[in-house]
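Each remark here refers to the structure printed beneath this line.
Protein chains get the first letters and strands the later ones, always in sequence-line order, with residue 1 at the start of each.
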2 protein chains.
Amino acid sequence: MTYQPPVRDHAFILRDVLNIDQHGDLPGFSDAPFDVVEQILDAAAQFTGEVLAPLNVVGDKNGCELDPATNTVTTPPGFKDAYKQLCEGGWTGLGSDPAYGGQGLPYVVNLAFSEMSSSANMAFSMYPGLAHGAYSAIHFGGTDEQKQTYLPKMVTGEWTGTMNLTEPHCGTDLGLLRTKAVPQADGSYKITGQKIWISAGEHDMSDNIVHLVLARIEGAPAGVKGISLFIVPKFFPKEDGSVGERNQGVKCVGLEEKMGIHGNATCVMQYDDAVGYLIGEENAGLKIMFVMMNEARLGVGMQGVAQGEAAYQAAVAFAKDRLQGRSLTGPKNADGPADPIIVHPDVRRMLLESKALIEGGRAFLFWTALHGDLSHLHPDEKVREKASDYMGLMTPVLKGYLTDKGFQVCSNAVQVHGGSGFTEHFPVSQFMRDCRIALIYEGTNGVQALDLVGRKLAAKGGRAVMTFFQEIDQFIGENDSDAALKPFIEALSGVKAQLQDGTMWLMQNGLQNPDNAGAASTDYMHLFGLTGLAYMWALMAKAANAKIAAGSSDPFYTTKLTTGRYFIERILPDAASHLSKLKTGSATLMALPAEAF
Amino acid sequence: MTYQPPVRDHAFILRDVLNIDQHGDLPGFSDAPFDVVEQILDAAAQFTGEVLAPLNVVGDKNGCELDPATNTVTTPPGFKDAYKQLCEGGWTGLGSDPAYGGQGLPYVVNLAFSEMSSSANMAFSMYPGLAHGAYSAIHFGGTDEQKQTYLPKMVTGEWTGTMNLTEPHCGTDLGLLRTKAVPQADGSYKITGQKIWISAGEHDMSDNIVHLVLARIEGAPAGVKGISLFIVPKFFPKEDGSVGERNQGVKCVGLEEKMGIHGNATCVMQYDDAVGYLIGEENAGLKIMFVMMNEARLGVGMQGVAQGEAAYQAAVAFAKDRLQGRSLTGPKNADGPADPIIVHPDVRRMLLESKALIEGGRAFLFWTALHGDLSHLHPDEKVREKASDYMGLMTPVLKGYLTDKGFQVCSNAVQVHGGSGFTEHFPVSQFMRDCRIALIYEGTNGVQALDLVGRKLAAKGGRAVMTFFQEIDQFIGENDSDAALKPFIEALSGVKAQLQDGTMWLMQNGLQNPDNAGAASTDYMHLFGLTGLAYMWALMAKAANAKIAAGSSDPFYTTKLTTGRYFIERILPDAASHLSKLKTGSATLMALPAEAF
């Protein structure tokens with residue numbers, strides 16, 4: 001069973017739910033009316049399904065190899081050639097600025113391609129994924145010269161990029177960063193320090209690797225206010241755009257042994273007087289890095305959905321194929337030795353839970369990504385502002401909630417497989433192992449939850465969340481006489497009230513004692529995620545109903561409604577549980593001294 | 001950080017909560033007053049902590065190796081010697097029948113040792129674990145001659161054992177079994193077929209391996225009514241108790257590549273006219289195998305707790321050691337560069353959730369295991385009957401609920417570690433990967449849930465669950481004026497009412513449409529697990545309160561109460577969610593045709 005990119009579901013969201021053609025007068029969108037997008041999705045499906053997916057197991061089994069003599073890394077067999085095809089197909093520049101050779105397509109369209117890549121081969125997709133993050137940071141914070149030097153090569157994929165934040169003693173808490181930068185007479189810096197867990201830090205697929213490195217300029221203030229960002233190229237760019245000499249001070253000195261994503265090189269990068277170039281202002285490196293980070297966080301939320309989708313597909317195929325036992329209501333495959341296990345309610349429970357989470361999560365991702373486009377492109381400042389507010393508010397929810405749920409979906413898929421799921425002869429073990437990192441990197445899910453309650457919720461006086469509540473209220477008001485939509489409206493109305501209740505509790509109790517906010521944060525994030533999905537399911541049900549009302553007999557739409565009902569009946573009840581937990585406060589949580597654990 | 005066996009918690013449950021000394025007049029218990037048990041626990045802690053725990057990573061990294069030329073399996077370095085020490089220490093016969101050289105200690109005491117072994121080294125502990133299962137089956141169903149031939153050697157550990165159920169096309173559904181047995185003139189049988197996923201199927205640690213093999217005697221009825229059980233020794237036993245010739249027809253032809261438990265040999269066993277001996281009646285093999293299976297299922301529930309405990313300990317050590325960020329309420333380690341992450345409420349949430357699930361789960365296991373002892377040993381038939389009812393009812397709950405939660409605890413531990421948790425330099429990845437099999441083998445958790453609602457609940461007119469409700473009511477009645485116990489009594493009363501509600505719903509709707517029972521099964525199992533833990537936490541709180549009232553200032557008891565409050569505030573709210581879900585029935589779940597997934 002190979003991964004089948006869910007083009008139909010992508011098309012449904014982009015056309016029927018989000019109606020991207022309504023934005024046809026915006027830059028990027030004007031080049032991508034839905035019929036063009038559909039062709040792109042088909043081509044993306046072909047490339048990811050046929051080129052990347054077959055290399056997924058290869059990557060897992062072979063991993064990457066470091067030659068300690070040369071500090072070079074060899075990627076798994078086939079990766080290099082697949083990367084060449086990725087570049088030749090123009091996929092690396094799909095969403096990039098046309099000024100530097102990109103195709104300038106909307107972010108939301110690019111996300112559809114990224115999801116397919118990640119489902120097909122998460123470890124592989126991280127190489128261009130990190131490169132695009134580095135591209136974004138340079139695009140946002142670089143000088144014109146830096147942009148001209150690096151961006152065109154990164155758009156074509158000839159050069160890739162990395163982000164270097166973590167050090168052995170310093171991950172979440174970047175204030176502890178020690179890597180130092182010493183100014184040189186020529187305006188460059190010499191960078192010294194060790195960075196760990198650098199995804200795609202060294203490999204054999206691109207001509208050059210553009211490292212973005214956080215470091216502290218000698219004499220800079222302590223803590224996060226003294227951190228600057230540097231471009232440290234593996235090879236120095238020459239004026240003609242080719243690569244010149246090796247930047248001798250930067251090298252990969254180790255590869256992590258990991259639970260998953262074996263096909264991606266997770267590097268220990270050693271900087272010893274490596275030549276670097278300041279990007280942006282001194283001591284303002286984090287601001288630029290967070291451009292990259294926010295994009296990365298939404299991308300990680302996407303990985304949760306993507307691994308979930310791939311795992312779900314494998315589980316469905318297994319459940320239809322595996323004959324074992326009989327339906328509780330009498331044989332459904334009387335001529336065979338047993339029924340396929342998809343007849344069993346508890347197997348369906350795992351599959352439908354997965355399906356409802358994936359499709360709801362995908363819609364939530366795409367809906368947010370479209371706001372990302374609008375936040376840059378829309379002519380109306382009010383629309384840009386709202387869209388920007390939403391991007392800020394939803395990013396930690398998407399990252400935290402969708403990866404928690406994506407992992408659950410992968411674990412469901414293992415469970416559907418029974419003993420086969422625990423062996424490495426079936427693909428689901430890898431999906432689960434690969435997916436597990438998504439709950440951790442780019443800020444653990446706990447850090448996302450804290451970002452949500454501690455920063456995003458309160459930003460601008462809570463404007464973003466208030467706007468979200470108003471939008472939901474308006475939707476409910478406009479649709480509450482629609483009988484076909486009734487269960488979805490009721491469910492949305494209920495969970496929105498619960499989220500408001502939780503938000504109020506946080507406002508009253510979190511300020512008074514910050515530990516209350518910390519204690520509530522993960523449950524609040526999940527309550528928020530459930531509300532987002534309830535809204536998406538209402539939007540999708542409305543779109544499906546419209547098609548059915550217009551005479552469509554395509555089972556896609558009735559299936560969508562059933563899946564949505566499953567979400568309401570069997571996933572949404574968790575909202576009450578999260579609300580109840582978050583309102584218990586921090587007293588019990590903080591009562592024990594450390595030694596009592 | 002090495003695993004520290006939780007002797008203190010074991011002692012608390014055995015002495016203060018279960019008061020095992022009250023059974024001091026029963027066989028087995030008379031040899032094990034609590035002070036003796038305490039010495040056994042200390043010795044067990046020393047052996048498992050010092051001998052088995054250091055080999056856990058070794059087993060994961062090295063795995064087992066099959067020599068295809070000789071069909072022999074080499075276990076990881078150190079395993080063979082550790083097994084020798086296990087035997088020399090008498091640990092293999094701890095709970096075995098003195099008639100065959102065992103020490104005859106209570107099952108509940110044996111379970112404490114098994115938990116420590118499994119925490120220290122799950123893959124290793126499965127070798128003696130499977131052997132004990134095979135011992136139990138022969139003890140239950142073998143002839144006197146078979147018992148005399150095999151049991152003494154299995155008690156000393158010189159011989160180990162296996163259980164051979166699964167075939168490539170047949171796991172849960174044993175009715176599809178194809179392995180055949182042909183009667184021979186001498187009363188033996190020739191066994192032919194392939195068995196897969198045979199844990200400890202071949203290895204280098206014991207002198208002989210006693211395979212228990214399910215097969216179909218030629219001409220037997222189709223389905224589960226035609227399955228017999230056979231003893232197939234690797235080497236034929238000689239009259240003097242030594243091993244004789246090799247049983248040429250049985251050999252290991254493959255090892256599974258797995259997500260975890262690499263130190264255990266998961267074998268493909270090929271039987272080609274292997275000589276086997278019928279155990280028990282023809283066509284009644286499943287009855288004996290289920291003796292082995294039920295013991296194994298409780299043991300798997302224990303593995304969930306055991307891996308959780310080991311992972312939790314690693315997470316606590318990391319959380320105390322890792323300095324990152326500052327407490328939300330101001331520095332707690334002002335002289336250091338940052339605070340230990342255990343100051344953060346969300347880290348504590350993961351740790352306390354883990355602690356509350358492990359300690360509650362352990363108590364539930366021990367409480368049930370004590371009923372296992374009483375079901376055999378108590379002179380009062382009424383007590384035996386009730387205990388036996390409980391064993392039947394609780395076994396699927398313990399297996400399913402405690403492994404689901406054990407895996408969640410292991411995943412929490414990975415999360416507390418952040419990026420370190422995803423690498424193989426820290427132990428938690430292995431705990432999570434090893435633990436994952438516990439949700440699958442000995443019947444997937446979905447099968448457990450179905451066993452619970454489809455068989456155990458209805459057995460004898462629902463007598464077991466009614467007795468359980470009465471016991472809880474009585475406990476509530478006896479303690480509802482105890483102010484110190486109030487939150488625990490209220491919580492128990494609430495969840496018991498929810499479980500009754502769910503039980504009533506199942507009785508009304510499950511009979512009418514079996515798919516309703518199947519659809520409700522997993523949520524019902526979790527609701528049952530939560531009720532069991534709420535009862536255990538009430539029992540533990542009562543015991544802790546008694547110690548405090550008697551003047552103890554040991555923080556162990558106040559910590560116990562805080563952990564119990566955490567359970568009530570932040571775990572028990574899931575009960576309402578499970579109840580709500582299970583009452584939605586099967587309509588939505590069964591609505592979609594297979595092709596709609």
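- When each of A:Ile571, A:Val414, A:Thr166 is checked for heavy-atom pairs under 4.5 Å with chain B, A:Val414 comes out on top.
- Of the two parts of A:Ser354, neither the backbone nor the side chain holds a non-hydrogen atom closer than 4.5 Å to a non-hydrogen atom of chain B.
- Put simply, of B:Ala319, B:Pro514, B:Ala575, the one with the most heavy-atom pairs under 4.5 Å next to chain A is B:Pro514.
- Heavy atoms of B:Leu323 lying under 4.5 Å from chain A belong exclusively to its backbone.
- Using a 4.5 Å cut-off between heavy atoms, B:Ser521 contacts chain A through its side chain alone, with no backbone atom that close.
- When each of B:Thr329, B:Leu174, B:Asp523 is scored by its heavy-atom pairs under 4.5 Å with chain A, the top score falls to B:Thr329.
- Heavy-atom distances place the side chain of B:Leu176, and not its backbone, under 4.5 Å from chain A.
- Looking at A:Pro337, the atoms closer than 4.5 Å to chain B (heavy atoms on both sides) sit in the backbone and in the side chain alike.
- Neither the backbone nor the side chain of A:Ile196 comes within less than 4.5 Å of any heavy atom of chain B.
- With a 4.5 Å cut-off on non-hydrogen atoms, B:Met350 does not touch chain A at all.
- Using a 4.5 Å cut-off between heavy atoms, A:Ala520 contacts chain B through its backbone alone, with no side-chain atom that close.
- No side-chain donor from either of A:Glu442 and A:Gln448 sits under 3.5 Å from a side-chain acceptor of the other.
- In this structure, no portion of A:Tyr441 lies under 4.5 Å from any heavy atom of chain B.
- Contact annotation for A:Arg322: only side-chain heavy atoms (C-beta onward) come within less than 4.5 Å of a heavy atom of chain B.
- Using a 4.5 Å cut-off between heavy atoms, A:Phe556 makes no contact with chain B at all.
- Per-residue counts of heavy-atom pairs under 4.5 Å with chain B were compared for A:Ile437, A:Val316, A:Thr423, A:Thr444; the largest is that of A:Ile437.
- For a residue to count as touching a neighbouring chain, one of its non-hydrogen atoms must lie under 4.5 Å from one of that chain's; by this rule A:Lys61 touches chain B with the side chain only.
- For the pair B:Arg8 and B:Tyr557, the cation sits on the ring face: its NZ or CZ lies under 6.0 Å from the ring centre, inside 45° of the axis.
- Residue A:Ala576 does not touch chain B at all, counting heavy-atom pairs closer than 4.5 Å.
- Ranking A:Arg348, A:Lys355, A:Glu257 against chain B, the residue ahead of the rest is A:Arg348, based on heavy-atom pairs under 4.5 Å.
- Here B:Thr563 contributes atom OG1 and B:Leu351 contributes atom CG; the two are 11.0 Å apart, rounded to the nearest 0.5 Å.
- When the candidates B:Met259, B:Lys258, B:Arg433 are compared by the number of heavy-atom contacts under 4.5 Å with chain A, B:Met259 comes out ahead.
- For A:Leu589, the parts sitting under 4.5 Å from any heavy atom of chain B are the backbone and the side chain alike.
- Proximity to chain B (any heavy atom under 4.5 Å) is shown, for A:His417, by neither the backbone nor the side chain.
- A donor-acceptor contact closer than 3.5 angstrom links the side chains of A:Ser411 and B:Arg436.
- Within the 4.5 angstrom heavy-atom criterion, only side-chain atoms of A:Ile342, from C-beta onward, approach chain B.
- B:Glu353 and B:Asn412 are linked by a side-chain donor-acceptor pair at a separation below 3.5 angstrom, with hydrogens and angles left out of the test.
- Residue A:Ser429 touches chain B through both its backbone and its side chain, counting heavy-atom pairs closer than 4.5 Å.
- Comparing A:Thr172, A:Thr558, A:Leu450, A:Ile440 by how many heavy-atom pairs each has under 4.5 Å with chain B, the most go to A:Ile440.
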